[in-house]
Amino acid sequence: MKNLKRIECVIDSVHVPAVVDALRAGGVDGYTVIRGASGWGDRGARQPDGVSGVFENCVVLCACDAEVLEGVADKLRPILKRYGGVVLISDTQSLSH
Amino acid sequence: MKNLKRIECVIDSVHVPAVVDALRAGGVDGYTVIRGASGWGDRGARQPDGVSGVFENCVVLCACDAEVLEGVADKLRPILKRYGGVVLISDTQSLSH
Amino acid sequence: MKNLKRIECVIDSVHVPAVVDALRAGGVDGYTVIRGASGWGDRGARQPDGVSGVFENCVVLCACDAEVLEGVADKLRPILKRYGGVVLISDTQSLSH
Amino acid sequence: MDLSLLFDNLRTPAILFFGLGVLAAVMKSDLALPQPIPKLLSIYLLMAIGLHGGVELMRSELDASIIMVLVAAVLLAAAVPLWSFAILRLKLDVPNAAAMAATYGSISAVTFITADTFLDTVYVQTDNANYLPGGYMVAAMALMESPAIVVGVLLARYFGKPSPDPSGGGQTPPLRAGDHDGDGKIDWGELFREAFLNGAVVVLVGSLVIGIAITPKGWESIKPFVYTPFKGVLCLFLLDMGLVAARRLGDLKSCGPSLIGFAILSAPLHAVLGIGVAWLLGVSQGDALLLAVLAGSASYIAVPAAMRLAVPEANPGLYVTMSLAVTFPFNITVGIPLYLAIIDLIWK
Amino acid sequence: MDLSLLFDNLRTPAILFFGLGVLAAVMKSDLALPQPIPKLLSIYLLMAIGLHGGVELMRSELDASIIMVLVAAVLLAAAVPLWSFAILRLKLDVPNAAAMAATYGSISAVTFITADTFLDTVYVQTDNANYLPGGYMVAAMALMESPAIVVGVLLARYFGKPSPDPSGGGQTPPLRAGDHDGDGKIDWGELFREAFLNGAVVVLVGSLVIGIAITPKGWESIKPFVYTPFKGVLCLFLLDMGLVAARRLGDLKSCGPSLIGFAILSAPLHAVLGIGVAWLLGVSQGDALLLAVLAGSASYIAVPAAMRLAVPEANPGLYVTMSLAVTFPFNITVGIPLYLAIIDLIWK
Amino acid sequence: MDLSLLFDNLRTPAILFFGLGVLAAVMKSDLALPQPIPKLLSIYLLMAIGLHGGVELMRSELDASIIMVLVAAVLLAAAVPLWSFAILRLKLDVPNAAAMAATYGSISAVTFITADTFLDTVYVQTDNANYLPGGYMVAAMALMESPAIVVGVLLARYFGKPSPDPSGGGQTPPLRAGDHDGDGKIDWGELFREAFLNGAVVVLVGSLVIGIAITPKGWESIKPFVYTPFKGVLCLFLLDMGLVAARRLGDLKSCGPSLIGFAILSAPLHAVLGIGVAWLLGVSQGDALLLAVLAGSASYIAVPAAMRLAVPEANPGLYVTMSLAVTFPFNITVGIPLYLAIIDLIWK
Ligand SMILES: Nc1ncnc2c1ncn2[C@@H]1O[C@H](COP(=O)(O)O)[C@@H](O)[C@H]1O
Ligand SMILES: Nc1ncnc2c1ncn2[C@@H]1O[C@H](COP(=O)(O)O)[C@@H](O)[C@H]1O
Ligand SMILES: Nc1ncnc2c1ncn2[C@@H]1O[C@H](COP(=O)(O)O)[C@@H](O)[C@H]1O
Ligand code: NA
Ligand code: NA
Ligand code: NA
């Protein structure tokens with residue numbers, strides 16, 4: 001079992017590539033994206049409508065080493081500032097195989 | 001980085017509005033809903049079938065201040081009791097921007 | 001509130017039954033599966049294409065007692081070794097009702 | 001019973017595709033219609049049957065007997081849950097008996113559609129226009145979807161225990177759908193909304209009204225989508241119904257033989273009741289078969305949606321399984337030709 | 001205005017289904033077309049209108065006046081955002097005004113399709129071939145989708161503040177889509193990619209070109225899918241548009257009356273401008289109506305997709321709501337017959 | 001080779017839409033058919049081709065030569081993986097070579113359908129009934145899907161290392177699908193289930209049998225859905241195939257030139273083998289083309305589904321990419337007219 005940081009980011013689907021670029025530039029080993037989320041936050045309710053394609057959120061999940069976290073966070077902060085969304089960070093362990 | 005509580009609730013899709021009402025009444029700042037989950041628990045297997053529309057779960061994710069947690073939990077408990085489902089609570093931090 | 005372990009497993013959709021069998025054999029009380037995830041990891045990028053049906057990930061979420069964790073982990077390790085994917089384990093609490 | 005009717009029915013493409021679905025699921029094939037497609041097909045079928053019914057309604061002459069049939073249909077749908085509840089209480093607790101009773105009082109649109117398709121075939125073979133049902137039968141179907149929901153919720157409330165969590169007033173969840181609000185009262189507004197504004201009901205009723213409102217030219221313009229490919233789409237939908245029904249068969253074990261007996265027997269019994277009503281009202285054979293099928297079929301869309309909200313204590317693993325995995329397959333394979341054989345006996 | 005035109009339009013199946021959708025949403029029914037279906041329908045409609053336009057284009061004689069119409073269409077699409085921006089700046093900040101201006105400069109394919117369907121009906125009634133639009137109008141539509149996006153982004157850049165986060169160079173996010181890259185420059189490549197390679201634009205333009213390229217036999221072979229059921233599919237899509245539009249109505253409160261006024265007034269004003277241009281160019285009534293509808297409609301697919309990337313500071317809750325919940329319903333119900341009434345007045 | 005055949009093929013709507021998909025993906029447009037739609041279309045196409053094949057089979061006279069063709073088809077499908085494996089082992093490890101060999105032994109239903117559509121066009125132009133394939137070729141296709149899966153798994157087991165994780169018995173995962181169960185034995189039941197009960201196989205075989213079982217009236221009733229719009233639906237599906245194929249092109253780098261060479265060369269070589277077999281059996285030109293296309297095409301649905309379970313060590317990024325992004329585009333653009341040119345040379 002290896003100690004890692006678990007990054008969970010909820011953001012507008014259209015900005016997922018920006019988040020993913022930030023994660024990869026920060027040096028993470030992998031990530032997972034879940035599409036089709038709805039939600040509510042500072043910018044109001046978001047419920048995907050299928051016609052305009054707007055108002056859909058995604059959840060991006062990434063487990064990374066504590067060392068790279070700081071760099072990744074620095075890259076994610078301006079994205080959050082500009083596009084909205086949330087980033088949650090918690091402790092986790094990965095099952096080593 | 002701000003310390004928060006991460007609430008994660010798995011529940012029958014049809015009861016998501018009740019969970020969301022409880023969260024908002026409890027004073028949280030936002031939440032995210034992921035649809036189309038399947039699962040298994042005390043009430044047996046749940047696998048959405050598309051014809052009847054029954055047997056679909058949702059995951060509701062919410063990060064909130066520790067202060068509001070107690071109030072939110074009090075509102076969620078009777079929902080769990082009546083409708084089933086699980087609520088997991090853990091520590092997390094949000095990236096402040 | 002009861003202390004539990006939160007197991008989160010990202011794996012190729014086609015191997016979800018193996019993960020679920022491992023969880024049940026390990027003695028967990030329930031689990032939740034979210035389909036349709038994309039991602040990137042040691043085995044490269046995975047983006048479901050709909051034509052071949054390949055390249056789709058799932059997230060399997062399970063809260064279990066600390067006692068059963070060791071047994072579950074032993075059953076999950078060879079799956080990870082053979083099929084790839086990640087398993088993250090963290091502390092959580094369940095709202096008792 | 002005329003066995004050739006049975007074989008004719010079993011050989012229609014839609015029933016064969018239902019069988020293929022059942023077979024695939026039983027053999028544990030991974031075949032599945034992916035998630036929102038069944039819902040799209042089900043909206044399409046309701047839209048198509050509604051429009052066609054509306055157009056037919058406009059073409060036919062309206063008279064008092066039609067009103068009689070519609071009233072009888074509503075009474076049937078409201079009465080069936082009453083005795084069903086009484087019988088089901090022998091084996092089930094109040095919430096489950098109430099939800100199951102509502103399920104069997106309401107109707108299955110796809111069973112109706114399959115019977116309609118079957119009548120088409122019979123009409124072509126016999127060239128007897130009495131087998132052609134009137135468009136107003138679609139209105140009867142639309143009227144029969146909701147009453148059983150209201151009756152079922154009332155049964156659950158009236159015979160049920162008071163609030164299951166009387167410990168603390170502040171802790172009652174934000175209840176919905178004609179639910180107790182903690183003090184035993186029924187929220188009638190919510191209850192009617194659940195019963196009458198379910199998506200399936202709205203599409204069916206709305207399309208029926210639109211079918212009445214449009215011009216013949218309007219109908220011609222949309223017919224290539226909502227009418228011509230209809231029977232083919234039904235095949236695709238029944239393929240999925242077969243898969244879903246057979247995959248629920250595993251839940252039958254937990255249901256017990258008496259429930260399965262109810263699910264199989266209630267269909268022909270209620271159908272015969274429907275036939276009796278039809279005979280008293282003097283309608284033609286086609287209309288009689290559709291009324292039989294409406295009375296004998298059970299809901300698996302509108303009622304479960306409402307019951308999960310209004311009677312969450314009831315287990316959908318029971319009432320959906322009975323309706324989808326037992327009554328529906330019985331009706332579309334054996335039931336429909338059986339009911340027509342009975343009708344032919346009586347009417348001639 | 002000839003009121004019978006209005007009632008004819010309101011009685012077409014597609015508009016009635018739009019009304020059903022609105023009604024269902026207003027009554028808080030749970031009816032919904034599940035998630036990727038609307039996108040499938042929207043791709044289908046674009047593919048169908050593109051192919052049909054291409055085929056028609058090949059059948060018609062090409063002359064210089066067609067080029068004139070196409071050029072005028074592009075100019076219209078590029079110019080509308082300019083004054084719209086100036087007016088909208090009275091109430092909105094730069095990003096929101098720019099995004100809204102782009103929305104109204106671009107077009108709504110479904111409005112175009114509804115107008116096209118309406119002309120079909122008028123043609124059948126009047127037997128006057130002047131109401132039949134030319135296939136090149138589909139090309140005009142395709143050309144009018146993107147220019148407003150470019151203009152909108154340029155307006156946002158030119159009048160906007162510099163980078164909203166000038167604190168640290170290394171912290172700027174990996175920006176995209178004609179965005180500032182931190183030093184005020186515009187990434188033209190990205191901007192044009194966003195404007196011209198949006199999925200909706202690609203399907204429409206691609207199908208138009210394929211419609212031109214295929215043989216008459218090729219067209220016959222795919223017609224049963226892309227042409228015959230077209231008007232029926234439009235009904236299903238408009239049912240969903242009604243649901244989505246009405247569910248956005250709640251956001252109107254936060255938009256304020258002046259914005260709603262803009263959304264309602266800009267449609268007929270720009271449509272009249274389109275009619276004027278059509279009259280100057282001497283085209284027939286059918287083409288004039290389509291140009292009017294293109295000028296008067298607002299985008300809710302291509303422009304929002306581009307604006308969320310290129311002008312993320314703008315709130316889609318404003319520009320999508322205005323376009324989808326106000327301008328679109330106005331145009332397909334009242335607008336289209338109104339514009340045709342005006343055209344009939346002028347042309348005769 | 002008759003170049004006009006090539007251009008005729010490239011100008012059919014379906015191929016043009018495939019090209020549009022490729023172009024859109026290469027230009028990095030965000031166009032996509034959303035997630036379960038491609039699967040729906042693929043089920044529809046299999047259902048349609050299966051039904052049509054079954055109906056045609058009933059209409060044609062059955063004789064011994066048909067049995068010969070079916071037997072030859074199975075042998076071809078089982079033999080191709082053998083030498084493919086031997087060649088691929090020069091560059092790949094055992095699991096990857098086995099999975100790729102199975103991929104190329106099996107067939108691509110969409111390639112078959114495209115060839116069938118092409119023959120239709122050729123028949124209309126030449127009015128030569130020899131270009132009309134028999135319905136039994138659909139049976140040949142159905143029979144060719146699964147054998148290569150069995151052979152591929154056997155190759156992987158026979159030449160593969162024993163269990164990759166021999167450390168502890170209790171730690172072996174719950175293996176499935178003809179997998180080692182830790183002691184080198186093959187679970188034949190699971191293996192055959194994977195090979196013969198894959199969803200694609202079940203729909204195709206089931207529809208074929210239903211096509212045989214239904215009456216002509218049954219077929220007429222569903223034709224407007226499963227036959228008439230078929231070629232149009234194929235366009236939509238090929239649009240998506242173009243997008244998916246082109247988006248996998250990026251993975252080609254990691255595949256290396258020798259693999260790409262195999263993917264391109266194996267298609268015509270196996271096709272010529274198929275033509276040879278067809279010639280020996282004395283079938284007509286249409287049947288010969290379909291057998292060529294079956295032999296020359298590679299699977300990207302049934303085989304990957306089975307291989308990921310049974311040979312998880314193989315990288316789908318290799319075998320799916322080769323099949324989908326190289327062999328499929330080659331076959332539907334250049335391959336089909338090329339094979340027909342060869343056939344015309346030999347048969348005349
Ligand atoms: N406190 C929260 N907990 C969980 N998800 C949140 C929270 N706040 C915002 N979100 C998600 O992030 C999205 C964008 O947030 P915002 O930019 O605050 O509107 C929302 O639509 C939610 O899906
Ligand atoms: N221990 C658990 N871990 C993760 N998800 C669970 C767990 N128990 C239940 N669930 C989810 O919650 C749903 C409802 O649970 P229940 O009411 O216990 O049947 C199940 O269908 C699962 O999706
Ligand atoms: N560090 C990570 N954080 C989150 N998800 C991951 C991570 N690594 C891998 N994954 C997910 O697990 C899948 C399989 O991983 P792999 O076997 O490493 O290719 C990937 O496609 C991702 O969806
Ligand atoms: Na009934
Ligand atoms: Na416009
Ligand atoms: Na092959």
Side-chain angles (χ1 to χ4, degrees), chain D residues 4 7-41 44-45 48 114 116-118 120-125 223-240 242-243 246, chain F residues 34-48 50-51 54-55 176-177 189-190 192-230 232-233 301-302 305-306 308-309:
Chain D
S4 78
F7 288 122
D8 281 358
N9 184 48
L10 294 183
R11 217 179 145 192
T12 54
I15 303 300
L16 289 170
F17 272 100
F18 181 78
L20 177 60
V22 170
L23 204 71
V26 166
M27 296 188 310
K28 302 212 179 308
S29 163
D30 65 351
L31 178 61
L33 270 202
Q35 218 17 264
I37 305 302
K39 195 165 175 210
L40 168 67
L41 298 183
Y44 168 84
L45 293 174
T114 310
D116 196 38
T117 307
F118 179 66
D120 233 51
T121 322
V122 174
Y123 164 66
V124 170
Q125 280 172 13
K223 228 173 131 177
F225 177 65
V226 297
Y227 185 73
T228 328
F230 182 77
K231 288 181 188 171
V233 178
L234 183 60
C235 291
L236 197 55
F237 189 68
L238 281 186
L239 173 65
D240 191 60
L243 290 164
Chain F
Q35 217 17 265
I37 306 303
K39 194 162 176 213
L40 168 67
L41 299 183
S42 131
I43 291 176
Y44 167 84
L45 293 175
L46 291 169
M47 178 180 167
L51 282 169
V55 169
R176 2 196 90 238
E190 272 300 291
F192 280 103
R193 205 176 64 76
E194 282 307 318
F196 294 102
L197 293 177
N198 176 281
V201 177
V202 168
V203 170
L204 181 63
V205 174
S207 302
L208 184 72
V209 172
I210 293 177
I212 293 174
I214 59 179
T215 59
K217 277 206 181 98
W219 172 240
E220 289 307 319
S221 76
I222 59 175
K223 229 172 128 176
F225 176 65
V226 297
Y227 185 74
T228 328
F230 182 78
V233 178
I301 300 183
R308 281 189 304 152
L309 279 169

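Each chain gets a letter, A, B and so on, in the order its sequence line appears, and its residues count up from 1.
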Atom pair [atom1]/[atom2] of [X] and [Y] - distance to nearest 0.5 Å:
| X | Y | atom1 | atom2 | answer |
| --- | --- | --- | --- | --- |
| F:Ile222 | D:Leu234 | CD1 | CG | 10.5 Å |
| F:Ile37 | D:Ile37 | CD1 | CD1 | 4.0 Å |
| F:Lys217 | D:Gln125 | NZ | CD | 6.5 Å |
| D:Lys28 | F:Glu190 | NZ | CD | 10.5 Å |

If we only count heavy atoms from C-beta on, is the D:Pro36 to F:Pro36 side-chain gap below 4.5 Å?
yes
Heavy-atom proximity to chain F below 4.5 Å, by part of [X]:
| X | result |
| --- | --- |
| D:Phe230 | neither |
| D:Leu16 | both |
| D:Leu20 | side chain |

Please identify, among F:Val201, F:Thr215, F:Val226, F:Val209, the residue contributing the most non-hydrogen atom pairs under 4.5 Å to chain D.
F:Thr215
When heavy-atom pairs shorter than 4.5 Å are enumerated against chain D, which of F:Val202, F:Ile210, F:Thr228 gives the highest number?
F:Ile210
For the interface with chain F, which of D:Thr121, D:Leu23, D:Leu236 has the highest count of heavy-atom pairs at distances below 4.5 Å?
D:Leu236
Let's test your reading of the structure: which of D:Cys235, D:Pro224, D:Pro34, D:Ala14 forms the most heavy-atom pairs below 4.5 Å with chain F?
D:Pro34
Go through the atoms of F:Ser207 and report whether side chain, backbone, both or neither lie under 4.5 Å from a heavy atom of chain D.
both
D:Phe17 and F:Val203: CA distance, side-chain angles, deciding distance, side-chain contact (heavy atoms from CB on, under 4.5 Å) verdict:
CA-CA 10 Å; D:Phe17 272 100; F:Val203 170; over 6 Å; no
Has D:Asp30 got a side-chain atom pairing as donor or acceptor with F:Gly199's backbone, closer than 3.5 angstrom?
yes
Return the minimal non-hydrogen interatomic distance between D:Arg11 and F:Ile214, and the atom names on each side.
O-CG2, 3.8 Å
